[in-house]
Asks: 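Dropping a structure here in structure tokens format, bear with me for questions.
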Amino acid sequence: MSFYLAMEEYVAREMDVDDGFFMWQVNPTVIFGRNQLIENEVNIDYCRQHHIETYRRKSGGGCVYADMGNVMFSYVTKDENVTLTFNRYINLLVLLLYRMGIEAKATGRNDVLIDGRKVSGNAFYHIPGKSIVHGTMLYDTNMSHMVGSITPSDAKLVSKGVKSVRQHIALLKDYTTMSLKEFKAFARQNLCDSEIRLSHEAVARIGEMEQEYLSEAFIYGHNPSYTLTRHRRIEGVGDFEVRMQLKNGVIKAIDIMGDFFLIGDIEQGILSHLRGCRLQREALEEALPLQTGDIILHLRKPDLINVLLNNE
């Protein structure tokens, strides 16, 4: 898993390609977003018991489960406009399924649906000059592991959870006569027009980059003690958990976590403006930049201030 995440980054940072695409599969794995707390998103005990690996990715968005019945797609492009790139990629997936005779639709922030049920969830991030989009394509999967790895492992809850999730999840195997191997070949044929074979030196370089993804500091993050926590979902943006350390009503430390999509530098664009700021509406309005949506997709400044102040 970590090798393929590093491979995306290698293609983006060190290869001169306008558009790159590849598919990959993993052993049972939970992948959580860059701004998520692992203890909030992953049932660590269940994962250990069932030998499910856990990794953090550099894109935003929510927690996903993947296994060998699931295909992962990665798309790297020179286009820096993340929103346009993301929409282009989602439309490519919809067209791919349409060519298979499957009527699919793009909806929400990042999903592809069949019959109103999710078959693909996707996320993105960008580095200077490049955008990276990646996601799942559910051909088949272990539903018990999908539910148990990210929800309480009580047997009754897992059983109910599988039934509930199955009502909202579409599996390609139910909509096509293609085998998984045939689907992968079809996707490659329709999404690619040439092939690049990585050199031994490139593979070695990817292995070096992979070490960051394997480090405990990256996987678990650094979570200092906080005196105040805010939880809120902003419709069309995502779930937020804000943790602040206050002294005499002034924000001394702050972190913002959740399944939202980052399209800018949250440290420079938001967090640095809030440290040293009094936790009052007038002070927050003055401290925060107007265009918070340039940092977190679709985030309005008044909505962020309401989260910080715990106001409706």
Side-chain angles (χ1 to χ4, degrees), residues 1-34 51-61 64-82 84-86 88-93 95-96 120-139 178-219 262-263 265:
M1 173 71 201
S2 52
F3 178 86
Y4 298 111
L5 294 174
M7 181 174 166
E8 293 176 332
E9 191 170 350
Y10 172 82
V11 173
R13 294 187 184 278
E14 302 190 17
M15 291 185 68
D16 185 21
V17 294
D18 291 336
D19 293 283
F21 173 84
F22 63 95
M23 293 178 287
W24 39 290
Q25 291 172 278
V26 293
N27 292 322
T29 302
V30 170
I31 313 106
F32 50 102
R34 179 163 192 158
H51 309 290
I52 299 172
E53 300 175 7
T54 56
Y55 295 97
R56 184 186 297 277
R57 61 182 189 270
K58 290 190 175 181
S59 60
V64 299
Y65 168 82
D67 56 29
M68 292 299 290
N70 171 84
V71 183
M72 309 294 285
F73 287 166
S74 294
Y75 174 56
V76 182
T77 178
K78 279 188 175 179
D79 193 338
E80 277 201 85
N81 188 312
V82 176
L84 291 178
T85 298
F86 191 65
R88 184 191 311 126
Y89 169 78
I90 293 293
N91 288 331
L92 284 174
L93 297 188
L95 181 58
L96 175 70
S120 174
N122 303 277
F124 61 80
Y125 71 104
H126 72 96
I127 63 174
K130 295 286 183 67
S131 293
I132 299 170
V133 189
H134 50 202
T136 60
M137 181 60 75
L138 287 170
Y139 180 88
M178 290 185 187
S179 66
L180 177 55
K181 183 178 180 180
E182 289 169 337
F183 166 71
K184 289 164 59 180
F186 184 84
R188 178 177 176 179
Q189 179 183 0
N190 280 269
L191 296 176
C192 303
D193 57 14
S194 62
E195 178 181 283
I196 298 174
R197 185 173 295 273
L198 295 175
S199 66
H200 293 298
E201 291 77 14
V203 173
R205 175 65 181 133
I206 293 170
E208 293 173 2
M209 298 175 73
E210 181 185 8
Q211 298 312 304
E212 178 185 5
Y213 293 90
L214 294 172
S215 69
E216 288 195 2
F218 182 77
I219 295 173
L262 273 181
I263 56 175
D265 188 333

Asks: Ignoring hydrogens, what is the shortest heavy-atom contact between Y89 and H134? Give both atom names and the distance.
Replies: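 It is OH-C, 4.4 Å.
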Asks: Under 3.5 Å, side chain of R57 to main-chain N/O of I31, donor-acceptor pair present?
Replies: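 Pair found, side chain donor or acceptor close to backbone of I31.
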Asks: Would a 4.5 Å heavy-atom cut-off, applied to side chains only, mark R13 and R205 as touching?
Replies: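 A side-chain contact under 4.5 Å is absent here.
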Asks: Do Y75 and T77 make a side-chain contact, defined as non-hydrogen atoms from C-beta onward lying under 4.5 Å apart?
Replies: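 In short, these two side chains touch, coming nearer than 4.5 Å.
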Asks: Can you tell me if I196 has over 12 outside heavy atoms packed within less than 6.0 Å of its CD1?
Replies: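 No, the 6.0 Å shell around CD1 holds no more than 12 heavy atoms from other groups.
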Asks: Could you pull out all residues at least two apart from E53 that satisfy salt bridge (charged side-chain N to carboxylate O under 4.0 Å, His left out)?
Replies: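 For E53, no residue satisfies salt bridge (charged side-chain N to carboxylate O under 4.0 Å, His left out) once neighbours in sequence are set aside.
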Asks: Side chains of V76 and M15: does their closest heavy-atom pair fall under 4.5 Å?
Replies: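 Sidechains of M15 and V76: no contact.
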Asks: Parallel under 30°, tilted from 30 to 60°, perpendicular over 60°: which one fits the rings of Y4 and W24?
Replies: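 It falls in the parallel class, under 30°.
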Asks: Given side chains that start at C-beta, do those of L262 and Y125 come closer than 4.5 Å, heavy atoms only?
Replies: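 With C-beta onward as the side chain, the pair stays apart.
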Asks: Give, for atom CG of D19 and atom NZ of K78, the distance between the pair rounded to the nearest 0.5 Å.
Replies: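 Output value for this atom pair is 9.5 Å.
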Asks: Report yes or no: does R34 contribute a side-chain atom to a donor-acceptor pair with the main-chain N or O of G60 at less than 3.5 Å?
Replies: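 Checked: no pair found.
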Asks: Ignoring hydrogens and angles, tell me if any N or O in the side chain of H126 forms a donor-acceptor pair with the backbone of I263 under 3.5 Å.
Replies: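 Between the backbone of I263 and the side chain of H126 there is a qualifying donor-acceptor contact (under 3.5 Å).
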Asks: Could you note down all residue pairs passing salt bridge (Lys or Arg N to Asp or Glu O under 4.0 Å) where residues 180-189 supplies at least one of them, sequence neighbours left out?
Replies: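 Counting only pairs at least two positions apart or across chains, the salt bridge (Lys or Arg N to Asp or Glu O under 4.0 Å) contacts touching residues 180-189 are R188-E195.
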Asks: Check whether any side-chain heavy atom of L93 lies under 4.5 Å from a side-chain heavy atom of N122, and answer yes or no.
Replies: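 Yes. Closest side-chain heavy atoms under 4.5 Å.
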Asks: Measuring from atom CE of M137 to atom CE of M23, what distance do you get when rounded to the nearest 0.5 angstrom?
Replies: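 The distance works out to 11.0 Å.
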Asks: What are the two closest heavy atoms between M1 and Y55, and how far apart are they?
Replies: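 Scanning both residues, the minimum pair turns out to be CG-CD1, 3.3 Å.
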Asks: Taking everything shown except E208 itself, do over 12 heavy atoms lie less than 6.0 Å from its CD?
Replies: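 Counting neighbours around CD of E208, more than 12 heavy atoms of other residues, nucleotides or ligands fall under 6.0 Å, so yes.
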Asks: Specify the closest pair of heavy atoms between F218 and R56, including all atoms of both residues, with the distance to one decimal.
Replies: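 Smallest interatomic distance, heavy atoms only, reads O-NE, 2.7 Å.
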Asks: Run the side chain to side chain contact (heavy atoms under 4.5 Å, CB included) test against A202 and tell me which residues pass, sequence neighbours left out.
Replies: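 Only Y10, L198, S199 meet the side chain to side chain contact (heavy atoms under 4.5 Å, CB included) criterion with A202.
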Asks: Parallel, tilted or perpendicular: which describes the rings of F73 and F183, with under 30° parallel and over 60° perpendicular?
Replies: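 Judged by the thresholds at 30° and 60°, the geometry between F73 and F183 is parallel.
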Asks: Of all the heavy-atom pairs spanning I206 and A6, show the shortest one and how long it is.
Replies: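 For I206 versus A6, the nearest heavy atoms are O-CB, 3.7 Å.
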Asks: When rounded to the nearest 0.5 angstrom, what distance separates CD in Q211 from OG in S2?
Replies: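 Between atom CD of Q211 and atom OG of S2 there are 8.0 Å.
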Asks: Mind checking the CD1-CD spacing from I127 to E9? Nearest 0.5 Å is all I need.
Replies: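 Between atom CD1 of I127 and atom CD of E9 there are 6.5 Å.
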Asks: Nearest 0.5 Å, please: how far is OG1 in T29 from OH in Y65?
Replies: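 Y65 atom OH to T29 atom OG1 measures 7.5 Å (nearest 0.5 Å).
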Asks: Could you tell me whether a side-chain N or O of T136 sits under 3.5 Å from a main-chain N or O of M72, the two making a donor and an acceptor?
Replies: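 No, T136 side chain to M72 backbone: no donor-acceptor pair under 3.5 Å.
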Asks: If every non-hydrogen atom of F21 is compared with every non-hydrogen atom of C192, which pair is closest and at what distance?
Replies: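 So the two residues come closest at CD2-SG, 3.5 Å.
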Asks: What pair of heavy atoms forms the shortest contact from S74 to E8, and how long is it?
Replies: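 Closest approach of S74 to E8: OG-OE2, 2.5 Å.
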Asks: With a 4.5 Å cut-off on side-chain heavy atoms, are I219 and E216 touching?
Replies: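 With C-beta onward as the side chain, the pair stays apart.
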